[in-house]
Amino acid sequence: MKILNRRDFSVDFGLSLAAAILLPATTARADDMEVHIDNFVFQPAELKIKAGTTVTWTNRDDIPHTVVSAGKFRSKTLDTDDKFSFTFTNAGDYKYFCSLHPHMTGMIKVE
Amino acid sequence: MSGHDHGENGVNRRKVLECMTWAGTGVLWTVTGGVPRSLGIIDSAQAATAVTPGMTFLQISDSHVGFDKPANPNALGTLEEAVGKINAMPTKPAFMIHTGDITHLSKAAEFDNADRIISQSKLDVHYVPGEHDFLDEEVKFYRERYGRGSKGQGWYSFDAGGVHFIGLVNVVDLKAGGLGNLGAEQLAWLEDDLRGKSKSTPIVLFAHIPLWTVYPEWGWGTEDGGRALEQVKGFGSVTVLNGHIHQVMQKVEGNVTFHTARSTAFPQPAPGAASSPGPMKVEDAKLRSMLGVASINFKQNEQRLAIIDTPLQG
């Protein structure tokens, strides 16, 4: 979504301007991370990120899953292709799991 | 219990099974000396006309109403076929238990559709929830419909035909990295429920996730299931009926028979046979041979209940 918006923006303002805007934009974009749920596994299972990063989980299974970190965050039930995003503002280790299939676990390490 | 008794049981059970009548075909399971073995597929030509003696009840499981993915685009349709199968049985079951995952996503319409189809069996149905039945925001749809008169998260017991039935809930408050969970409150209730019961009372424990450890790598087991089984150990006849794994699995340990039923919605792979326990897509022609219901017969003075798994087809 964000990528598309930026592209629209840069087209409106012309190529030279776009180059100037895109440079910092690329850095900001690298902060947004993705975790996929495939075959009852969080991939990657462990993610190292900087504080302020938004992580988006996408369920690509035919079975609903959740993303839960006790006392920190809890997604709604994610059906196939549903997404959940959380922005990590504080450093620390965030263990999380699927509350429906608790053998599915993952970790976000925030620096 | 002596080896001689085991042998005698086997003969008795075979007689019972020979008397059973089925409109379609079914795989007969008998347990002799602790080893479950299939008696093979019978067809209507072999079926006698005698009505099954004793009490027969039905187990239906994992109907996943609302599921529409490639493994079975019409889970409501196959549930309806299963109910048709039940209605065609020559021995009308005394009642039915549903071992959870009634719906796929706990939507009100899914519960309504499930009820509309299952009620066509005109049988009393005793439900326990699966993890797919507690997904609505307020976790109220299952409880409003099926939780009346139950304790805690929905556990309860009742007596029928001289058998004590106990419905347990092991899909709530699951811990990261763990398996199914009963919890201290439910285990205390169970201890209370069993207090004073004669050890000769046959016990049927039913819950969604297997109470025994089938395959922990896929979460197929219950963390504190052993503590519930410890409490029924002294009873002469214990039958543990579960769902969740969408396939038939059986084992016997002493006086305890463990059995899981097929789903009516979609099959799942054998433990470790695939990269995940997700819905297994099979050829259309094969699907109905992997879906079905279980029929359980209890006869006075028989230690073990006879369990017959009937697929929708084949």
Side-chain angles (χ1 to χ4, degrees), chain A residues 33-49 55-86 88 90 92-110, chain B residues 62 64 66-73 75 100-101 103-107 110 129-139 170-181 208-209 213-223 244 246 263 265-266 268-269 274-281:
Chain A
M33 303 294 280
E34 303 238 3
V35 176
H36 291 141
I37 304 172
D38 278 309
N39 287 320
F40 290 61
V41 172
F42 293 109
Q43 292 176 328
E46 188 179 308
L47 203 57
K48 284 188 180 132
I49 58 169
V55 177
T56 299
W57 284 263
T58 306
N59 177 19
R60 304 205 293 200
D61 274 346
D62 278 354
I63 286 287
H65 294 294
T66 65
V67 182
V68 177
S69 183
K72 302 288 183 352
F73 55 84
R74 169 179 284 270
S75 77
K76 289 183 180 179
T77 303
L78 305 176
D79 195 10
T80 307
D81 295 329
D82 283 354
K83 291 171 191 291
F84 167 71
S85 294
F86 185 78
F88 292 84
N90 298 317
D93 289 353
Y94 297 77
K95 279 187 186 171
Y96 66 92
F97 76 120
C98 167
S99 62
L100 305 177
H101 311 102
H103 66 288
M104 296 170 56
T105 57
M107 165 78 90
I108 307 289
K109 284 178 178 284
V110 185
Chain B
D62 296 86
H64 282 263
F67 184 84
D68 59 0
K69 302 299 190 299
N72 180 3
D101 284 359
T103 71
H104 192 58
L105 293 169
S106 305
K107 293 178 180 167
E110 294 175 345
E131 72 278 10
H132 286 256
D133 299 317
F134 281 165
L135 298 181
D136 50 313
E137 276 300 281
E138 294 174 63
V139 198
N170 58 358
V171 298
V172 177
D173 201 16
L174 307 184
K175 309 286 186 297
L179 307 169
N181 175 54
H208 178 63
I209 299 174
T213 304
V214 175
Y215 194 61
E217 292 84 348
W218 284 356
W220 290 359
T222 301
E223 205 73 42
H244 187 59
H246 297 216
S263 159
F266 56 85
Q268 282 175 242
S275 54
S276 84
M280 184 166 66
K281 170 74 182 145

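Atom set for the values below is all heavy atoms of this structure, side chains included, hydrogens, waters and symmetry mates excluded. Numbered from 1 within each chain, the chains take letters A, B, ... in sequence-line order.
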Original post:
Under a 4.5 Å cut-off applied to non-hydrogen side-chain atoms, are V41(A) and S276(B) in contact?
Top reply: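 Heavy-atom side-chain distance check fails, nothing below 4.5 Å.
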
Original post:
Are any non-hydrogen side-chain atoms of P64(A) and H104(B) less than 4.5 angstrom apart?
Top reply: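 In short, these two side chains touch, coming nearer than 4.5 Å.
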
**OP:** For a side chain to side chain contact (heavy atoms under 4.5 Å, CB included) with E131(B), tell me which candidate from T66(A), L100(A), T77(A) qualifies.
**Re:**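 Only one of T66(A), L100(A), T77(A) forms a side chain to side chain contact (heavy atoms under 4.5 Å, CB included) with E131(B), namely L100(A).
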
I'd like to know whether [atom1] of [X] has more than 12 heavy-atom contacts from other residues, nucleotides or ligands below 6.0 angstrom.
{"X": "K69(B)", "atom1": "NZ", "value": "yes"}
{"X": "K76(A)", "atom1": "NZ", "value": "no"}
{"X": "K175(B)", "atom1": "NZ", "value": "yes"}

Does any backbone or side-chain atom of [X] lie under 4.5 Å from a heavy atom of chain A? Answer side chain, backbone, both or neither.
{"X": "E217(B)", "result": "backbone"}
{"X": "L135(B)", "result": "both"}
{"X": "L179(B)", "result": "backbone"}
{"X": "F134(B)", "result": "neither"}

**OP:** Could you tell me which portion of D62(A) (side chain, backbone, both or neither) has an atom closer than 4.5 angstrom to a non-hydrogen atom of chain B?
**Re:**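 Both backbone and side chain.
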
Original post:
chain B heavy atoms under 4.5 Å from S99(A): which part of the residue, side chain, backbone, both or neither?
Top reply: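 When you check distances to chain B, only backbone atoms of S99(A) fall under 4.5 Å.
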
How close do [X] and [Y] get, heavy atom to heavy atom, and via which atoms?
{"X": "G178(B)", "Y": "P102(A)", "value": "O-CG, 3.2 Å"}
{"X": "F266(B)", "Y": "I63(A)", "value": "CZ-CD1, 3.9 Å"}
{"X": "W218(B)", "Y": "H103(A)", "value": "O-CE1, 3.4 Å"}

